[in-house]
Amino acid sequence: MRWSQAFVPTLRDDPADAEAWSHKLLVRGGFIRQLATGIYVLLPLAHRTCQKIIHTIRQEMELIGGQEFMMPALHPKEIWEKSGRWETMGSEMFRLRDRKEADLCLGMTHEEIFTHIGGELKSYKQLPQIWFQIQTKFRDEARPKSGILRVREFRMKDAYSFDLDQAGLDHAFDQHHKAYRQIFKRCGLDPMAVEASSGAMGGGDSIEFMVPSDAGEDLVASCGKCGYAANLEKATSELTPVENRDALDTPEKFATPGVGTIEEVAAFKGGAPAGHQIKTLVYVFDGRLVLILMRGDHGLSEQKLLDSVEVGELHPASEEEMQEVLGATPGSLGPLTSQLPAEVDGKKMLILADPALEGRVGMVCGANEDGYHYRGVDIARDVAVDHWLDMREVQSGEGCPYCATPLAVCKTIEIGHIFKLGTRYSKSMGMDVLDQNGKAQNVIMGSYGIGVERLMASVVETSHDEKGIIWPVAIAPYEVVICVLKAKDVEVLEAGERIYDALVAAGIDVILDDRLDNPGVKFKDAELIGIPYQIVVGPRSLKEGQVEIVRRRDGDKREVAIEHAAEEVGEEVVSERKRRA
RNA sequence: CGGGGAGUAGCGCAGUUGGUAGCGCACCGCGUUUGGGACGCGGGGGUCGCGAGUUCGAGUCUCGCCUCUCCGACCA
């Protein structure tokens, strides 16, 4: 490709609304342009990089026996009703009607469709299967952001495994884990593999591949010593024990006018530090009011709570509901049996408590009367806890659950997620095969995803400098750029063209910068778009029969004889192309 | 969904009490220049987000709508 004819619209300034590095650099470098909120055009450079990412993914998937499909983006309502997700997916699903008024949706994932087709598998002899596709997904995200990191239309490699038994699933899961490591490594990433909540997908074990980055939206707790790492939606930690304050024979009510928050109670004379308070939250579980008790200095993880209860939908109660049932507003709520209604809608009010409260005495909590609290509360004696559930959000510095080393919490980007679905979909969609005994068995499934554009953006997030992107060879839009510094000078241009021809003949992806612009423009652009190798052909060194080779990642520069340049760069590029783990 | 902010040339922005719509970069032509975003001269480019209203006159004032963005809620 000749740069003079290439569509590479680089910009001198950052776009005004960009925050994330990947957003700024991909826009400035002429890789992407926004069409609407969360919808982007991939210009030729980005398309080339994504094609290489896809190629890498495809190769590794095929190495573990994956078979690629082409799936429709448009799905009929009926198939999503079978799994129950037409209802549960809510407004994140793009829905539309055809001319016959039939309901359709744009596919946001493909469990249903693959399971539907999987219905044609009839015998255990046909298993295992690994099926995948690399296609566009549509999700009406509530808040797209950070350029291409969180969008409404994107490509995903999603794979589904079908096995007869748990051991088969475990094997498929493990194969995917290894394949993912290869894929990310080849793309120049080294993500953390972390334990994750399986969330709305349902199912068992779930591992996310997370790239640490300030532009990330997920928080991960990790242990630098033993390697434990988990999404904050799932993480647990070892707490340093708290010394109980003095117990009282009976809880003592005291006035706390105008005092509501944990901090205010801690600062109030006669109150108690946050660790000696009971935080009382009120939630609604499928329409039923529930009390959630946390230590005052701890936060609730809604996801951990959701994952540990059998509830379809939960949300915080409104102030009106709290007032009506408990007789007080947030800030004065408490769980004392003596201060709670005996029954709500004919049932005892359910009380869930975090284990950090177990065995605690001398605690302070709200009195269910505005402006009053109790002190000297003994949880075992005074509170009728129904279930103890770990639903606390881990904080940085708390102990690793395995080795007690302080945990670090960092922001990350989720680029891949693998999980064991089990029979969630094969059951609801009626997918089974006959086993050795001729008996029907629900197939056990796994599901495995990688976001293509997000992977590209993650590489930019982790591999750039002030000047621009630094692509690894494997996914660089071009592997080599030849900067012809004085393209008007026929001798110089021809020298560049000879190297260009030699590299093309060697199968190297090369772009010839034959523009008439000044040298500075070419250097800046080459650095901005992040081409791994630059061959500088200028009148100065050409007099000596030399050209300069510059390596983007570390700025390494060397002069070589013009006749050796193509060969030398070509060899280096080829050796870097397929770095496997 | 709640709360802020913003829409003026491809990009970044200015535009006063309402009075002929501007600047930098980019772009086109000619010339000089060519090892770090060069310079001179000459040019092109606008439904001032959309629609109403007030006014002799609206980029500017009023109302409605749309879009984009940030924070929060939500979220494989």
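Note that this is a predicted model, so its numbers are computed, not measured. Chain identifiers are assigned alphabetically (A, B, ...) following the order of the sequence lines, protein sequences preceding nucleic acid strands; residue numbering begins at 1 within each chain. Below, each value reflects all heavy atoms present in this structure, side chains not excepted, and no hydrogens, waters or symmetry copies.
In this model, no side-chain donor or acceptor of A:E527 finds a partner on the base of B:G37 within 3.5 Å. Judged by atom type and distance alone, A:R150 reaches the base of B:C75 through a side-chain donor-acceptor pair under 3.5 Å. Residue-to-nucleotide contacts include a donor-acceptor pair under 3.5 Å from the side chain of A:R28 to the base of B:G37.
In this structure, the ring of A:Y180 has its center no less than 6.0 angstrom from the ring center of A:Y448.
Summarising the geometry, the separation between CD on A:Q303 and P on B:A76 is reported as 6 Å, rounded to the nearest angstrom. For the pair A:M108 CE and B:A76 P, the computed distance is 9 Å after rounding to whole Å. Taking atom CZ of A:R143 as the reference point, atom C1' of B:G2 lies 12 Å away to the nearest angstrom. Taking atom CG on A:L26 and atom P on B:C11, their separation rounds to 17 Å, with Å as the unit. At whole-Å resolution of the value, CD in A:E217 and C1' in B:A76 are 13 Å apart. Between the CG atom of A:L43 and the P atom of B:G10 there is a distance of 17 Å, rounded to whole Å. Distance CD1 (A:I32) to C1' (B:G10): 17 Å, rounded to an integer number of Å. Taking atom CZ on A:F523 and atom P on B:G35, their separation rounds to 9 Å, with Å as the unit.
In summary, the side chains of A:S22 and A:E461 do present a donor paired with an acceptor at a separation below 3.5 Å, with no hydrogens or angles considered. Side chain to side chain, A:E111 and A:S447 meet the donor-acceptor criterion of an N or O pair below 3.5 Å.
Within the 4.0 angstrom heavy-atom criterion, no nucleotide atom of any strand lies near A:D489. Counting any heavy atom pair closer than 4.0 Å across all strands shown, A:A16 reaches sugar-phosphate atoms only and no base atom. Contact annotation for A:G449: no contact, since no heavy-atom pair falls under 4.0 Å across all strands. Residue contacts for A:S541: at a heavy-atom cut-off of 4.0 Å it reaches a base atom on one of the strands shown. Across all strands shown, A:M156 has heavy atoms under 4.0 Å from base atoms, whether or not it also approaches the sugar-phosphate. Using a 4.0 Å heavy-atom distance criterion, A:A487 is classed as making no nucleic acid contact. Within 4.0 Å of A:K488, counting heavy atoms only, lies at least one base atom of the nucleic acid.
Between A:M61 and A:H176, some side-chain heavy-atom pair lies under the 4.5 Å cut-off.
Between A:R152 and the options A:E141, A:K137, A:M108, a side chain to side chain contact (heavy atoms under 4.5 Å, CB included) holds for only A:E141.
Of all nucleotides listed (B:U34, B:C74, B:G35), B:U34 comes nearest to the side chain of A:K486. Relative to the side chain of A:Q34, the nucleotides B:G37, B:C75, B:C68 differ in distance, and B:C68 lies closest. With distances taken from any side-chain atom of A:K524 to the nucleotides B:C13, B:G36, B:C68, the minimum falls on B:G36. The A:T109 side chain lies nearest to B:A76 when the options are B:A76, B:G36, B:C70. The side chain of A:E141 lies closest to B:C75, out of B:A76, B:C70, B:C75. Considering only the side chain of A:N518, B:U33 comes nearest among B:A73, B:G37, B:U33. Distance from the side chain of A:D17 is smallest to B:U69 among B:G36, B:C70, B:U69. Counting only heavy atoms from C-beta on, A:R12 has its side chain closest to B:G37 among B:C70, B:A76, B:G37. Comparing B:A76, B:G37, B:G35 by their closest approach to the side chain of A:Y160 singles out B:A76.
The partner of B:G72, taking Watson-Crick or G-U wobble pairs whose two distances both stay under 3.5 Å, is B:C1. When both distances must be under 3.5 Å, the Watson-Crick or G-U wobble mate of B:U20 does not exist. The pairing partner recorded for B:C27 is B:G43, the criterion being a Watson-Crick or G-U wobble arrangement whose two distances lie under 3.5 angstrom. Pairing partner, B:G36: none, since no Watson-Crick or wobble contact has both distances short of 3.5 Å. Using the Watson-Crick or G-U wobble rule with both distances under 3.5 Å, B:A14 pairs with nothing in any strand shown. The partner of B:U62 is B:A52, judged by Watson-Crick or G-U wobble contacts that both fall below 3.5 Å. In this structure B:A6 sits in a base pair with B:U67, meeting the Watson-Crick or G-U test at under 3.5 Å.
Taking the six-membered ring for Trp and thresholds of 30 and 60 degrees, A:F31 and A:W471 have ring planes inclined between 30 and 60 degrees apart. The aromatic rings of A:W131 and A:F162 sit perpendicular, their planes meeting at an angle over 60°, well past the 30° parallel limit.
Of the two residues contacting RNA chain B, namely A:D13 and A:I450, the nearest-nucleotide position lying further toward the 5' end is that of A:D13. Each of A:T10 and A:E92 has a nearest nucleotide on RNA chain B; the 5'-most of these lies closest to A:T10.
Distances shorter than 4.0 Å separate some side-chain N or O of A:T37 from OP1 or OP2 on B:U69. Between A:R139 and B:A76, a side-chain N or O to OP1/OP2 separation shorter than 4.0 Å is absent.
Remark: A:H116 NE2 is loosely packed, at most 12 non-hydrogen atoms of other residues, nucleotides or ligands lying under 6.0 Å away.
Going from the C1' atom of B:G10 to that of B:G18 covers 30 Å, rounded to whole Å.
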